[in-house]
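Not measured: the values here are computed from a predicted model. The figures that follow rest on heavy atoms only: side chains count, while hydrogens, waters and symmetry mates do not.
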Amino acid sequence: MRAQTTAGSCSVTPSVASGADACRKATDLFAFVIPQVGVALAAGNPVLGEGGTMGGWGRRALSVRLSAAEGFLPRNAVPISASGGAVGSEFGAARTVIPVPSADVAIGLLSGVPLGVTNVGGVDVLLGATYVPEVSRGALRLAPVTSPVAIGYGVRVGALQESSFVPGISLSVMRRRLPTENLAYTPGNDTLEVRNMAVTANTWRLVASKRVAVLGIAAGVGRDAIEGTAGMQASLTESVRGTPQQVRVALSDLRSTVSRNTAFVNASFGLLMVRLVGEYGWSSAGTVQQTVNQFGGREANGGYRYGSLGVTVRF
């Protein structure tokens with residue numbers, strides 16, 4: 001599984017100062033946080049509790065849910081140096097739930113080809129919207145740049161349409177996005193800002209489901225390609241050649257790309273068109289990204305648990 005965090009040029013003003021530590025800390029923070037946010041964004045089932053396709057034109061399912069990853073965010077406010085090279089600091093890691101509220105819609109296009117008591121080859125269009133509020137924790141602050149809502153899209157193809165005797169089985173591909181965010185880290189008099197942070201998750205899912213009376217179960221596996229992009233600016237108060245100065249550091253084209261495997265299970269309860277659904281999943285660790293800074297013994301791109309709770313309505 002691939003994993004890479006890269007950055008463009010690192011510039012510093014005045015030129016006698018050094019931006020190595022600020023740029024390294026920004027790169028390491030990005031490598032540590034982005035996979036966690038991506039896991040919460042991708043979640044598991046494209047539409048909670050659903051495994052097969054909708055069964056043709058005019059049939060729809062709406063799922064409103066709160067997905068969350070059991071993540072870890074930095075807890076220590078460490079100083080940023082503007083002299084010399086990059087310094088390895090201990091940011092620590094506080095166990096933190098990373099939530100992503102969302103709404104997903106599956107719209108039936110084709111019912112597929114009849115085969116006995118089921119259909120094969122049905123096609124649905126998938127649409128999703130994610131919402132991210134402003135979040136603050138200690139010296140870390142996350143806030144949307146413009147709109148707190150972003151739209152995703154995808155398609156689902158049915159191998160089997162669920163019926164009284166046959167489970168539903170489908171393969172889906174979806175692209176999910178988070179609203180563009182600004183991430184600010186303010187230890188003391190210094191400020192490090194990751195600006196215009198965009199996170200996308202390109203996912204595929206193989207899901208099977210079956211409902212008996214008021215109870216339903218769905219399970220699936222898949223793979224996520226998570227990418228984050230941003231730019232960084234830092235303002236540091238530093239003594240340069242014995243004189244206190246304001247040092248400004250800029251890092252262009254900060255980028256993190258990771259690929260991860262995932263597996264999940266859904267359990268649902270409901271009558272007629274409405275179902276209450278819970279989801280539990282595991283996103284396995286990808287290729288470990290090496291960092292100069294430490295995060296309480298946690299590795300960048302490690303494995304994370306996630307879950308969802310929501311309501312799905314067929315109409």
- Query: Are any of the side-chain heavy atoms of Val288 and Asn301 separated by less than 4.5 Å?
  - Reply: no
Evaluate the side-chain proximity of Leu309 to Val277: yes if any heavy-atom separation is below 4.5 Å, no if none is. no
Query - Polar side chain donor-acceptor pair, Ser172 to Arg205, under 3.5 angstrom - result: no
*State, yes or no, whether a side-chain contact exists between Leu251 and Thr27 at a heavy-atom distance under 4.5 Å.*
yes
TODO: Establish, from distance only, whether the side-chain atoms of Arg195 and Gln233 form a donor-acceptor pair under 3.5 Å.
DONE: yes
- Salt bridge flag under 4.0 Å for residues Arg211 and Glu162: no
Looking only at side-chain N and O atoms, does Thr53 offer a donor or acceptor that is under 3.5 Å from a partner on Gln161?
yes
* Could you tell me whether Arg176 and Asp104 have a side-chain N and a carboxylate O separated by less than 4.0 Å? => yes
The ring pair (Phe, Tyr, Trp, His ring centres under 6.0 Å) partners of Phe295 (sequence neighbours excluded) come to Phe32, Phe91
Students should find that the hydrophobic cluster of Val47, defined by side-chain heavy atoms under 4.5 Å apart, otherwise consists of Leu126, Met174
- Do Cys10 and Val249 touch side chain to side chain, with heavy atoms closer than 4.5 Å? yes
Inset, instruction - Please determine, by modelled atom types, if Ser209 and Glu50 share a side-chain donor-acceptor pair under 3.5 angstrom. - result: no
Q) Under 3.5 Å, is there a donor-acceptor pair linking the side chains of Tyr306 and Thr262? A) yes
Should we count CZ of Arg59 as having more than 12 external heavy atoms under 6.0 Å? no
